[in-house]
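Shown next, in structure tokens, is the structure this report addresses.
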Amino acid sequence: MADKVAVQAEKLAALLDEKRVFPPSEEFRRQANAPDPAIYTKAGRSLEDFWAEEASRLDWFKQWDKVLEWNTPWAKWFVGGKLNVTHNCVDRHAASARRNKAAIVWEGEPGDARVLTFGMLAREVNRFANALKSLGVKKGDRVAIYLGMTPELPIAMLACAKIGAPHSIVFGGFSADSLRERINDAKAKVLITADGAWRRGAVVPLKASADQALEGTPSIEKVVVAERVGKAAHVTMQSGRDLWWKDLVANASDKCDAEPMDAEDMLYILYTSGTTGKPKGVVHTTAGYLVGVSATHRYIFDIKETDVFWCTADIGWVTGHSYIVYGPLANGTTTLMYEGTPDYPDRGRFWAIVAKYGVNVLYTAPTAIRTFMRWGADWPAKHDLSSLRVLGTVGEPINPEAWIWYHENIGRGRCPIVDTWWQTETGMILITPLPGLTRTKPGSATRPFPGVEAEVLDDKGQPVGPGAGGYLVLTRPWPAMFRTIYGDPDRYVKQYWSRYPGKYFTGDGAKVDADGYFWLLGRVDDVMNVAGHRISTYEVESALVDHASVAEAAVIGRSHDVKGQGIASFVTLKEGVQATDQLKEELKAHVAKKIGAIARPDDIFFTSELPKTRSAKIMRRLLRDIAEGRILGDTTTLADPTVVSNLKQQYEEEGKSD
Ligand code: WTA
């Protein structure tokens with residue numbers, strides 16, 4: 001891990017040169033939801049008071065007895081409180097003046113659209129909640145969801161939350177194997193999927209993948225299939241197991257009482273990649289999560305009653321859970337969801353959507369911004385973007401050039417940018433500017449959110465000085481923090497709370513500058529960040545060695561201009577197998593089939609040996625040096641130093657494939 005920090009020193013040097021500062025305009029500050037810097041001192045002084053005030057904006061069936069119980073590393077928030085997430089996100093708005101306000105504005109990739117008001121959403125959710133009940137789903141049963149970005153996805157989530165059944169959403173781009181693994185870990189009782197999803201005009205055959213996954217999922221009793229692509233997909237329904245969504249809801253009542261949930265009852269499981277081959281089930285609970293996501297959404301995006309908020313993530317990732325569905329809807333905000341890709345039917349699609357719906361706040365990822373930069377400023381220039389007021393980014397460090405491009409070409413110089421750092425595990429944004437208060441610096445996520453405390457430590461656990469790189473840790477609990485790893489509490493303790501006892505280890509490198517601003521430097525563990533997606537090197541290695549021709553594989557993330565990181569793999573083949581270009585393609589396809597297209601390696605290098613230490617550990621640092629064309633570091637600990645010089649020579653001859 002120390003190697004990773006050393007590699008990051010280069011990035012640091014470049015970032016230290018960044019001197020530009022962007023203060024919020026006086027006009028923006030005056031109207032901001034958080035206009036007074038006292039919010040930081042207030043929350044710092046009493047975490048409990050700060051979060052209790054935020055919690056009181058929600059509807060509670062029973063008030064909590066205690067805001068926080070912190071037995072490091074086990075947290076309980078709003079102890080004794082009872083509430084229901086869907087009641088807070090939908091029903092209370094449907095029963096108010098917001099009844100006919102748009103809750104979800106949905107744009108389909110082919111250009112079809114659907115608007116659900118809070119009143120309509122409440123009825124749809126109730127129908128589906130009753131349908132789930134009719135399938136035998138009870139409080140505490142897990143429900144797996146494998147859908148594209150259509151309104152059925154938030155409806156299904158909210159229906160689960162209404163009856164107290166935790167959902168486990170699996171991103172629609174994941175393979176059948178990945179889906180099966182997640183269903184089995186969560187022991188889900190029901191799977192909700194669709195006939196297919198649209199992507200760049202082609203069909204993603206969700207039901208067909210689900211059928212494959214379901215060959216080995218003993219816990220699944222029923223499968224609900226939503227219709228999206230119709231005749232474009234060939235669907236077979238297994239009688240007794242598979243049911244069409246539309247048939248199930250046809251006669252279902254649109255009334256359903258909200259299950260009173262304990263503050264600490266599980267709301268959902270979401271699987272994410274860690275430092276082993278097996279994805280881990282991050283567990284989020286009810287009250288703290290909802291308080292955390294709604295408060296951060298309101299302050300960080302400066303949300304107003306009439307705003308249209310667009311987070312461009314897929315709901316299959318945590319960003320979509322927290323900032324397409326739960327945060328915005330808890331605040332009664334109109335949330336926009338788009339089904340497709342930014343380049344369909346042309347590269348102006350995002351900007352056409354902003355103009356069409358008058359989007360006020362846009363939240364997207366640096367990898368998307370770099371893609372837009374590549375496509376050129378003419379695309380956004382063709383559209384009316386004057387409705388935009390705040391711009392956000394998330395998922396990976398944003399390079400200052402991309403930040404400036406976003407500011408000038410999308411925000412037209414008027415909109416504050418919030419670079420928000422957080423993780424699946426943190427549930428809510430933790431390091432971020434507040435748009436009416438913070439003087440932003442391109443490339444820095446700036447400061448911890450009020451009440452949050454972060455430090456950058458060296459190997460020994462000592463805080464590093466200003467400007468030096470180290471490990472980012474969090475030192476106080478926050479309400480939306482995950483509570484455990486599903487079925488593996490030891491891993492929760494070991495992986496996150498043991499390296500620096502009592503402190504949350506983020507797995508990210510960072511530095512703090514002289515103004516106390518945080519600059520994120522990327523992962524320090526074996527997790528790659530490819531186009532904002534978390535992928536473990538071990539997952540890709542396991543997929544490669546699963547192929548009949550592969551003896552051994554080592555995978556690393558290497559820098560990539562658009563995706564942030566690309567996946568480079570070094571592969572040794574079994575005796576007698578020919579190293580051909582065709583085999584490279586076959587291996588790439590194999591990984592995509594095993595995990596999903598997001599994990600498809602960018603480069604594959606065949607090598608007769610991998611560089612190993614004398615204790616047989618693969619030296620990933622050297623592989624990264626090779627893949628990024630750096631001068632090689634110290635190779636004296638290698639069992640066989642010629643392996644590296646051979647590899648380096650081969651790499652330079654073959655070049656990278658982007
Ligand atoms: C990275 C996504 C720099 C980081 C919400 C973290 C970031 C991982 C930022 C979590 C940011 C996220 N600046 N890096 N603003 N936001 N990251 O779990 O490495 O998919 O650990 O959650 O993304 O990814 P995850």
Side-chain angles (χ1 to χ4, degrees), residues 1 4-5 8 11-12 15 169 171 173-174 269-275 279-282 284 292-293 296-297 300 311-324 326-327 363-370 391-400 402-403 406 417-433 438 440-449 454 456 469 471-474 480-482 485 495-496 504-511 517-536 557 563-565 598-599:
M1 233 166 357
K4 278 262 180 110
V5 170
Q8 290 174 343
K11 294 187 198 165
L12 260 174
L15 285 172
I169 302 178
F171 169 59
F174 273 125
I269 307 172
L270 181 58
Y271 287 85
T272 189
S273 294
T275 49
K280 51 197 177 184
V282 168
H284 282 291
V293 298
T296 46
H297 177 253
I300 297 165
C311 165
T312 69
D314 191 289
I315 293 175
W317 310 111
V318 75
T319 307
H321 282 62
S322 297
Y323 298 106
I324 296 178
Y326 292 120
Y363 190 30
T364 193
T367 185
I369 298 165
R370 289 191 296 266
L391 302 175
T393 84
V394 60
E396 50 176 317
I398 183 165
N399 42 316
W403 195 105
Y406 195 31
I417 293 184
V418 289
D419 171 2
T420 64
W421 177 90
W422 59 298
Q423 306 177 307
T424 306
E425 294 87 341
T426 72
M428 65 186 235
I429 297 168
L430 291 185
I431 303 182
T432 177
T438 313
T440 51
K441 302 184 191 181
S444 170
T446 75
R447 296 179 60 184
F449 186 78
V456 178
Y471 305 105
L472 179 71
V473 300
L474 304 164
M481 65 195 286
F482 68 141
I485 296 298
Q495 193 163 326
Y496 297 99
Y504 171 81
F505 182 67
T506 62
D508 276 11
K511 77 167 179 107
Y517 278 33
F518 287 74
W519 299 74
L520 278 304
L521 301 170
R523 302 287 307 192
V524 294
D525 51 14
D526 292 313
V527 173
M528 299 176 284
N529 190 330
V530 181
H533 300 140
R534 262 169 83 163
I535 302 167
S536 138
K563 297 198 284 188
Q565 283 192 315
I598 54 166

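Start at 1 and go down the list; that is how both ligands and their atoms are numbered. Owing to the predicted nature of the structure, the values given are computational and were not obtained by experimental measurement. Scope of the values below: all heavy atoms of this structure, side chains included, with no hydrogens, waters or symmetry mates.
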Strictly distance-based, threshold 3.5 Å: is any side-chain N or O of [X] a donor or acceptor partner for the main-chain N or O of [Y]?
{"X": "H321", "Y": "Y326", "result": "no"}
{"X": "Y323", "Y": "I429", "result": "yes"}
{"X": "H297", "Y": "G292", "result": "no"}
{"X": "E425", "Y": "V282", "result": "no"}

Answer yes if the ring centres of W317 and Y271 are under 6.0 angstrom apart, and no otherwise.
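That pair fails the under 6.0 Å test.
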Can you work out which protein residues put a heavy atom within less than 4.0 Å of ligand 1?
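Within the 4.0 Å shell of ligand 1, which is judged on heavy atoms, sit V318, T319, V394, G395, E396, P397, D419, T420, W421, W422, Q423, T424, D508, L520, R523, N529, R534.
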Taken in chain and number order and not counting sequence neighbours, the residues that satisfy salt bridge (charged side-chain N to carboxylate O under 4.0 Å, His left out) with R370 are E396
